[in-house]
Amino acid sequence: MKRYNPKEIEPKWQAIWAESGIYKAVDAAEKPKYYALSFFPYPSGVGLHIGHTRNFTITDVAARLKRMQGYNVLHPMGWDSFGLPGENYAIKTGVAPQITTKQNTDNFRTQCKKLGLSIDWSREFGSSDPAYYKWTQWFFLLLLERGLAYQQESPQWWCDTDKTVLANEQVEAGRCWRCGNLVVKKNLKQWFFKITDYADQLIEDLDDVDWPEGIKTMQRNWIGKSKGAKVTFRISNREDSIEVFTTRPDTLFGATFMVIAPEHPLVSKITTPDQKAAVDAYVDEVSRKNEIERQEGAAKEKTGIFTGAYAINPVTNTEIPIWVADYVLMGYGTGAIMAVPAHDERDNEFATTFNLPITEVVQPAEPVQGCFSGEGTMVHSGAYDGMQSSAAREKIVADLAQQNVAKEQVNYKIRDWLISRQRYWGAPIPVVHCAKDGIVPVPKDQLPLELPILEKFQPSGDGRSPLALATDWVHTTCPTCGGPAERETDTMDGFACSSWYFLRFADPNNASAPFDKAKSDYWLPVDMYVGGAEHAVMHLLYARMWTKVMRDAGLIHFGEPFKALRNQGMLLAADGSKISKSKGNSISPEEIIDQGYGADALRMITLFLAPFDMSTPWSNEGLAGVFRFLQRVWTLSQKFLDTPELPHNTDAEGQLMTATHTAIKKVSKDIDAMGYNTAIAALMQFTNELYTIEKNYGFAARNSWQVALSTLTQLLAPFAPHVTEELWADLGHEGSVHVSGWPVHDESYLVQHVIKIAIQVNGKLRGEVEVPHDATQETIEAEARTRENVASYVTGDVRKVIYVPGKILNFVV
Ligand code: ANZ
């Protein structure tokens, strides 16, 4: 008998697939299209890790299923190949990132091929290829033309380790998302994309996409739209006034003090001489704290200082003190608040700490503990007393608007996207700076503006990128006036490159445009996008913005790039801890394949351990288990092929057909819904059933066996593409199993001949009877009464019998 040896069959089929081009996506074919995509992988020096394996396999199973179901499938792969690690490696070793990137992508490609992914390799590219970043630069210029890219000096997050600025989205709890070090604010001139112009659309269009709710919520919160009002407070005995942003103008009568941020420009102006020393000391103390200390401190206990100045509450006309405190942030709203300690938690803590007056102005319908921040009935609010707070909110703003004291205002938390980086290994920003003409775009026919090859990679040290050291490259002429000019030396963040790559796969080799509209119209949007959850507010937000810009520029017809999104869960080490290089608990996909388990078993175990979107520990036993399962499938087919014809047997035939069609139904339902682990479990059960039938009847009913084993092979094909391809050929089929069509079940084989009915008395379960599936109510009643446990409760008059066909019979006595 032929033995199962993945080392033999896997490379063989990979070569045949490459030769036949079976996974090539055909542009604009008649068939319906399906575009399945994994997140853009960064080709690191260590090669594929087990997380990639899970990610790529999920997408591959979806792609293979659709291909078998008759779709024209696009399943491409490319590399997010610009980025810091390549450059840091170059600093350490002197090897140019161009060289290491090529080595790493070669390695990634080889490893992906060993996984048996059904990728159209003819569409591969990397974001650091000049032929690709030419168009990233082209998009930069498009944004510039449309007023959506600008350079501005402002305080921004700076990472001292990576020696570059970071976008807000790349700072997590005050730390650099890459290296984990604390970041600092620096005043720097940087490039921004105006993502704020799209804030409303980015919220609204989330309703139209099939994404995990958690990611949608994170995006909504990050954009942070809040409706409220801007209210102006006059300062006593001064010309100046303070503007605040509040979401609760209805609580204005309860504003008993004001708080301004320590960085607020009014602090130095309004502080009275007797308070100056104390205020200066406080502001200085705060400025020394980093953002984390500030947030943590503000959560623990409120600190602050009185300025000595007073403002006039515009509705009560009373004087209220103005304080400085670090729980008010300069970067949000106006950097100043009206404090309503009766109804805002933070203001309440502050008032309690510093003994400031607390006035209730909104009464809850029912008494509540602590500070009430909900809606209720207005009290202590003059003419507004008795109104509902939500109605009073609008009325107060409308009334104050007449005196120019308040106006409606919408605020967003999101800030414009900072995209310039002081790093070498990225796409150069294609503009020059001219003393006469200012910022001048590099003419589009001169793109790509290629990165010069550098010998030294250290950042220049003056806050500029290493490109500043390439003086020959930096000094150029102004495209407008021809005079001397300097090139921009910042490069674009890698997130710019990954904001449109999914479109390039529709037309990867186009030299005259980023993509052909007919091709992108055909292939896009992406039908199924799969990757980790960590990009919730970075890549997934940026790509949505670029897509909307392209739509507005008439380049594409849709506004959302990813119709469906799924996040895979993490694979953890066997002990449940996170896999990390430093812990030395990595699991190497390539080693597992080479040890002899093969790619098919590896693919299956990454999906069998748990639902694909849940994190789960790795299991070597599990791996051995799925390998044994594949071996059992293999052995059964080989044994069948080696067994001579037996006399026909109708029982065997019936059982084979029921098992087969039950499996088709269950596996199809689960795999369609991406219930991969349960689909695999159903395949295992189907295989066990086949073994039982074989034990009882041998391979009698040969035609039915041929159908059963061929069906098993097809149902298993998306998960284990190599072994199924081999078995499909062995079972005598022409062509590839992967384009053989998807089996369809026939309900008539599934009729259960005996069914179980639960018997209840007065709604309580008292027993169960087994009857033919077409038994009448009378038969079931009679059968039930023969059971002692039922009979003992059914004494005397039966008032009613309720029958739920096929399920429950209930005696009401
Ligand atoms: C008075 C008030 C009364 C408020 C009340 C809330 C409840 P969101 O929803 O996040 O937009 N605020 C405004 N600017 C701030 C800043 N720079 N730093 C800290 N807090 C600031 O929050 C808006 C609310 O947060 C505003 O409404 C303001 O407090 C506070 F019962 O005004 B509120």
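The analysis underlying the following values was restricted to heavy atoms, covering all of them including side chains, and did not include hydrogens, waters or symmetry mates. When a ligand or atom number is given, it counts from 1 through the structure's own listing order.
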Please determine whether a side-chain nitrogen of the Lys or Arg among [X] and [Y] lies less than 4.0 Å from a carboxylate oxygen of the Asp or Glu.
| X | Y | value |
| --- | --- | --- |
| D613 | R566 | no |
| D205 | K548 | yes |
| R421 | D493 | yes |
| R415 | E169 | no |

May I ask you to identify the nearest protein heavy atom to [atom], giving residue, atom name and distance to one decimal place in Å?
| atom | value |
| --- | --- |
| atom 17 (N) of ligand 1 | L329 O, 2.7 Å |
| atom 20 (N) of ligand 1 | R346 NH1, 3.6 Å |
| atom 3 (C) of ligand 1 | T251 OG1, 3.5 Å |
| atom 19 (C) of ligand 1 | Y327 O, 3.5 Å |
| atom 21 (C) of ligand 1 | I337 CG2, 3.4 Å |

Over-ring placement of K302 relative to F354, 6.0 Å and 45° cut-offs |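 Geometry flag: not set, cation outside 6.0 Å or 45°.
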Any side-chain donor near an acceptor of the partner, T164 and D162, under 3.5 Å | no
With no hydrogens and no angle check, do the side chains of Q156 and S154 hold a donor and an acceptor under 3.5 Å apart?
->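 Q156 vs S154: donor-acceptor pair found between side chains.
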Heavy-atom contacts with [X] under 4.0 Å: which atoms of ligand 1 show up? List them by number with element.
| X | result |
| --- | --- |
| D344 | 4 (C), 5 (C), 6 (C), 7 (C), 31 (F) |
| V340 | 1 (C), 3 (C) |
| F245 | 11 (O), 13 (C), 26 (C), 28 (C) |
| S226 | 8 (P), 9 (O), 11 (O) |
| K413 | 8 (P), 10 (O) |
| H343 | 5 (C), 31 (F) |

May I ask which of T246, N411, T247 has a heavy atom nearer to atom 32 (O) of ligand 1 than the others do?
-> T246
Heavy-atom distance to atom 11 (O) of ligand 1: which of Y412, F372, Y332 wins?
-> Y332
Y282 vs T303, side chain to side chain contact (heavy atoms under 4.5 Å, CB included): CA-CA, chis, key distance, verdict | CA-CA 9 Å; Y282 180 74; T303 61; 2.8 Å; yes
Roughly how far, to the nearest 0.5 Å, is CD1 of I312 from OG1 of T232?
->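 Result: 13.5 Å between the selected atoms.
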So for V328 against ligand 1, with non-hydrogen atoms under 4.0 Å, the contacting part is both
Can you tell which part of M330 has a heavy atom less than 4.0 Å from ligand 1: side chain, backbone, both or neither?
->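 The answer is neither.
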Test side-chain hydrogen bond (donor to acceptor under 3.5 Å, both in side chains) applied to S236 and E319, step by step = CA-CA 7 Å; S236 291; E319 285 199 325; 2.6 Å; yes
